[in-house]
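Take a look at the structure below.
Just so you know, ligand 1 is whichever comes first in the structure, and atom 1 is the first atom listed for that ligand. Please read all numbers here as calculations on a predicted model, not as lab measurements.
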Amino acid sequence: MSLAAAPRPAEAAVGADPAIRVAGVEKSYGTVHVLRGVDLEVARGSIHALLGANGAGKTTLIRILTTLAHADAGTAEVDGVDVARDPQRVRRAISLTGQFAAVDERLTGRENLALVARLRHLRGPAAVASAALERFGLTDAADRPVAGYSGGMRRRLDIAMSLVGDPRVVFLDEPTTGLDPEARQEVWSAVRELAAGGTTVLLTTQYLEEAEQLADRIAILHRGRILVDDTLPALKKLLPRAQVEYVEKQPSLEDVFFALTGEREPEREHEPERGPEPEPEPENTEKESDS
Ligand SMILES: Nc1ncnc2c1ncn2[C@@H]1O[C@H](COP(=O)(O)OP(=O)(O)OP(=O)(O)O)[C@@H](O)[C@H]1O
Ligand SMILES: [Mg+2]
């Protein structure tokens, strides 16, 4: 792998010292050329969404960035460290929340968090767990087994666990897949809170609304490359402004009423004294005589 550091226009927007820098990354599985030269930069403290169809290679790219897979070509740096050269250092700076929640259902939320804190050799695992529970609104459910948690609570716990030890860069692979709208909102606010605290977030999603709601920038992975990478307003400018749309208006009961009663007008002409509102008739006759 060579250190390709050719300046690109994206650098101006992202800054000189991005949290994630991917250049020319390629990856094949057998004859399937999944990534064909991916370039991507993620600014520190930002939320960057990676969109793409099923099988586009989103998880593959996340796996390379989190040192779980090797790229065939190109370079990838996380927090200024080359993932291929020093995977250990990269692992200390990051966390990964995979496509499927990694919580232990038999343990309580508090126990899950304390376990992760101990695995990460943190001092005071109990205090770390309490702080995380508080931060993600799980204090009330802290001492219940996770098996009884809702989908949203489970995801929040999963994210809370991945944040134990305050990683500087967080990878979330489809954090809200399978969640109902309310649970999705809960996860979104957790992610927003993360970024507000200075953590960099790269997330993949199938939900365009999720990217719209959360992301500072949105990259679309398509046919092995990043097709576009920009802010939502800039992406919207890529399409011509919508023409004024012709919308077929369903008639209201009022429209029906007036149309029907209008048809009866010629009949009423013979008996004008019975009509409650005689004024439309002279108007109509005027128009008819104009044309
Ligand atoms: N370990 C592997 N062995 C063989 N093929 C793989 C492996 N991992 C991924 N692939 C293939 O690489 C392609 C990209 O897969 P990947 O999981 O990265 O896509 P994705 O964008 O994350 O899709 P999804 O939206 O379904 O999660 C797919 O064709 C997949 O079958
Ligand atoms: Mg995936």
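Under 4.0 Å is where a charged nitrogen must lie from a carboxylate oxygen, and between D79 and R89 no such pair does. A salt bridge links E105 with R154; the closest basic N to acidic carboxylate O contact falls under 4.0 Å. With salt bridges taken as basic N to acidic carboxylate O contacts below 4.0 Å, one links R217 and D229. Remark: E41 engages R21 in a salt bridge, criterion side-chain N to carboxylate O under 4.0 Å.
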Pairs under 3.5 angstrom only: tabulate donor-acceptor contacts from the side chains of residues 129-146 to other protein residues two or more places apart or in another chain.
{"residue": "S130", "atom": "OG", "partner": "R110", "partner atom": "NH1", "Å": "3.2"}
{"residue": "S130", "atom": "OG", "partner": "A126", "partner atom": "O", "Å": "3.2"}
{"residue": "D143", "atom": "OD1", "partner": "R110", "partner atom": "NE", "Å": "2.8"}
{"residue": "D143", "atom": "OD2", "partner": "R110", "partner atom": "NH2", "Å": "3.3"}

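Some N or O of A56 is nearer than 3.5 Å to an N or O of ligand 1, by distance alone. Any N or O atom pair closer than 3.5 Å counts here, and G57 shares at least one such pair with ligand 1.
Contacts with ligand 1 closer than 4.0 Å are made by heavy atoms of both the backbone and the side chain of N54.
Residues passing the side-chain hydrogen bond (donor to acceptor under 3.5 Å, both in side chains) test with R106, sequence neighbours excluded: D104.
Between G55, G224, A69, S28, it is G55 that holds the heavy atom closest to atom 14 (C) of ligand 1.
Within the structure, the closest approach of R63 to ligand 1 does not fall below 4.0 Å when heavy atoms are considered.
Atoms of ligand 1 found under 4.0 Å from any heavy atom of E174 (numbered from 1 in listed order, with element): 24 (P), 25 (O), 27 (O). Interface of T59 with ligand 1, defined as ligand atoms under 4.0 Å from a residue heavy atom, comprises 17 (O), 18 (O), 20 (P), 22 (O), 27 (O).
For the Mg ion (ligand 2), the set of nearby N, O or S atoms under 2.8 Å includes none belonging to T60.
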